[in-house]
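What follows is a set of notes on a single structure, which appears directly below.
These figures come from a predicted structure and were not determined experimentally.
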Amino acid sequence: MHCGLCLPHCPTYELHRQEGDSPRGRLTLMQGLARGELDPQSPRLRSHLEGCLGCRSCEAVCPAGVPFGALMDRTREILLQESDEPEGAPLPMPRMLHDRLLGSPRLRRLAGLGARAAARLPRAGLPGLDATVRRALEHARPSLAPPPRLRADGPPDAVDVLLFTGCMDAFFTGPDLEAALTVLHALGLKVGIPSSRTCCGALDRHAGRPAAATELERHNREAFGAAEDGPPVIVLDSGCEATLREAADSFPGTRATSLTRFVARHLEEHGPPREGWREEPVRVALHRPCTQRNVTREGEILPTLLRGLPGVTLTGTPSLPNCCGAGGTAMLAWPEQADALGQQTLQALGTEAPDCIVSGNVGCRVHLRALQPQSPEDPPLLSPARFLAGRLAVT
């Protein structure tokens with residue numbers, strides 16, 4: 001399918017205006033690569049294919065239902081297999097950090113401490129670092145947070161819901177997880193937190209490492225159980241939710257996809273507390289991540305929930321790009337592209353001077369927060385859980 005109806009929805013095509021950076025152009029390049037007609041070592045080819053943000057806006061509007069996300073994942077697997085790195089060569093620093101750390105909670109915590117220490121240093125204090133690692137430290141600086149102190153209310157078979165924490169708890173999401181517990185407890189729910197949980201596998205899946213992603217998915221399936229009547233799994237990050245729900249299709253007999261749900265969806269289905277909310281006015285600019293709009297297709301759940309809360313007004317967001325540029329690790333690998341889209345996103349979100357910005361994806365929040373001037377006038381970027389916890393009246 002090469003009709004081109006998706007071109008106006010592709011953020012990289014809108015930014016670069018090159019056919020090779022459009023879904024149609026990339027599909028043509030994928031075909032040529034798969035048929036052996038194009039050189040996988042070509043820098044130009046790799047630039048077009050690796051520069052895709054994976055937002056899947058094209059997939060959401062495609063009249064033929066082309067599975068662009070899955071095709072891009074397979075293409076990146078081919079590019080990785082055809083890499084000119086010598087077999088057995090040491091992993092480049094960014095990949096080593098990812099491959100060695102994300103699967104180990106203990107190493108993630110140690111890395112979190114190291115990242116917070118390194119991020120305090122000025123640019124001149126980080127000589128000789130790989131450019132991607134330097135970018136990661138500088139970009140993460142405004143979002144680094146202490147790891148959470150979480151306590152389960154009981155074993156997985158004796159609670160109402162299970163909480164998926166993912167791999168970013170040691171770096172960014174500690175306050176968000178603690179806020180989620182506050183909100184879930186306000187609903188009168190007992191929360192379980194499986195100790196053997198791990199990364200959802202999204203970064204591996206989209207980087208062309210399907211075997212590593214499948215192993216993480218299998219590990220989480222065992223950690224959270226496979227019973228159809230088990231407690232729902234509450235997810236705070238839209239990227240993790242999309243990955244876990246799509247992974248359910250890969251394991252016959254696994255839990256129903258509907259048992260994995262975004263925290264706002266759970267509140268929308270079961271009803272938030274009718275009383276106990278603060279009523280003072282607050283203006284919220286809502287950022288809807290690509291994964292909510294294009295993968296889980298639940299982009300309207302959070303705004304509906306927020307509109308129903310006392311004192312909450314959602315501001316308009318005209319000319320909001322289809323992607324903020326974060327794109328998983330794209331904000332590190334393609335900084336100029338990511339920053340251009342991120343600045344456009346921040347400008348649109350700030351059009352009506354909101355009191356805060358709420359986004360359901362940790363990568364989007366990290367990226368957009370890094371692009372803010374970091375002045376007291378900047379509206380804080382919050383997760384839905386943190387915003388909801390902050391609106392609960394103190395009892």
Measure from the side-chain N and O atoms of [X] to the backbone N and O of [Y], and report whether any donor-acceptor pair falls under 3.5 Å.
| X | Y | answer |
| --- | --- | --- |
| R46 | P40 | yes |
| E352 | G316 | yes |
| N294 | C55 | yes |
| D237 | V362 | yes |
| W334 | T329 | no |
| R278 | G390 | yes |
| T243 | G239 | yes |
| H367 | A338 | yes |
| E241 | V235 | no |
| E178 | L150 | no |

Any heavy-atom pair between the side chains of [Y] and [X] that's under 4.5 Å?
| X | Y | value |
| --- | --- | --- |
| L388 | L305 | yes |
| V183 | L267 | yes |
| F164 | I234 | no |
| Q337 | L53 | yes |
| E77 | R205 | no |
| D355 | P379 | no |
| R76 | C52 | yes |
| V358 | S383 | no |

- Task: Start with the C-alpha distance between E50 and L79, add both sets of side-chain angles, then the distance that settles side chain to side chain contact (heavy atoms under 4.5 Å, CB included), and finish with yes or no.
- Result: CA-CA 9 Å; E50 293 176 351; L79 290 176; 4.0 Å; yes

Tell me the closest heavy-atom pair linking [X] and [Y], and the distance in Å.
| X | Y | value |
| --- | --- | --- |
| Y13 | Q18 | CD1-O, 3.3 Å |
| L306 | L286 | CD1-CD1, 4.2 Å |
| L7 | E14 | O-OE2, 4.2 Å |
| P156 | P231 | O-CG, 3.6 Å |
| L392 | W277 | CD2-CZ3, 3.7 Å |
| N220 | C199 | ND2-O, 3.0 Å |

Separation of [Y] [atom2] from [X] [atom1] (nearest 0.5 Å):
| X | Y | atom1 | atom2 | answer |
| --- | --- | --- | --- | --- |
| R293 | S238 | CZ | OG | 10.0 Å |
| E222 | T198 | CD | OG1 | 12.0 Å |
| C356 | R386 | SG | CZ | 11.0 Å |
| D339 | H139 | CG | NE2 | 5.5 Å |
| H287 | S359 | NE2 | OG | 5.0 Å |
| T291 | R245 | OG1 | CZ | 11.0 Å |

Cationic N near anionic O, under 4.0 Å, [X] to [Y]:
| X | Y | answer |
| --- | --- | --- |
| K190 | D153 | no |
| R369 | D378 | no |
| E59 | R297 | no |
| R221 | E217 | no |
| D39 | R44 | no |

Verify the cluster assignment for [X] and [Y]: are they in a single hydrophobic cluster under the rule of side-chain heavy atoms below 4.5 Å apart?
| X | Y | value |
| --- | --- | --- |
| L29 | V66 | yes |
| F68 | L33 | yes |
| L189 | L177 | yes |
| V312 | V263 | yes |
| M168 | L144 | yes |

- Query: After noting the C-alpha distance and the side-chain angles of E298 and R265, does the key distance pass the salt bridge (Lys or Arg N to Asp or Glu O under 4.0 Å) rule?
  - Reply: CA-CA 8 Å; E298 294 180 346; R265 179 182 167 205; 3.6 Å; yes

Considering residues, nucleotides and ligands other than [X], do more than 12 of their heavy atoms fall under 6.0 Å from its [atom1]?
| X | atom1 | value |
| --- | --- | --- |
| E279 | CD | no |
| R149 | CZ | no |
| Q374 | CD | yes |

- Task: Decide side chain to side chain contact (heavy atoms under 4.5 Å, CB included) for L302 and R288; before the verdict, give the C-alpha distance in whole Å, the side-chain angles of both, and the deciding distance to 0.1 Å.
- Result: CA-CA 9 Å; L302 183 56; R288 307 182 199 191; over 6 Å; no

- Given side chain to side chain contact (heavy atoms under 4.5 Å, CB included), test V159 with V191 step by step and report yes or no. CA-CA 6 Å; V159 295; V191 184; 6.0 Å; no

- Query: Pick one: which of L382, V284, L349, T345 meets side chain to side chain contact (heavy atoms under 4.5 Å, CB included) with I357?
  - Reply: L349

- Query: After noting the C-alpha distance and the side-chain angles of C58 and C10, does the key distance pass the side chain to side chain contact (heavy atoms under 4.5 Å, CB included) rule?
  - Reply: CA-CA 6 Å; C58 56; C10 175; 5.7 Å; no

- Message: Between T12 and R26, do the side chains contain a donor N or O and an acceptor N or O under 3.5 Å apart?
- Response: yes

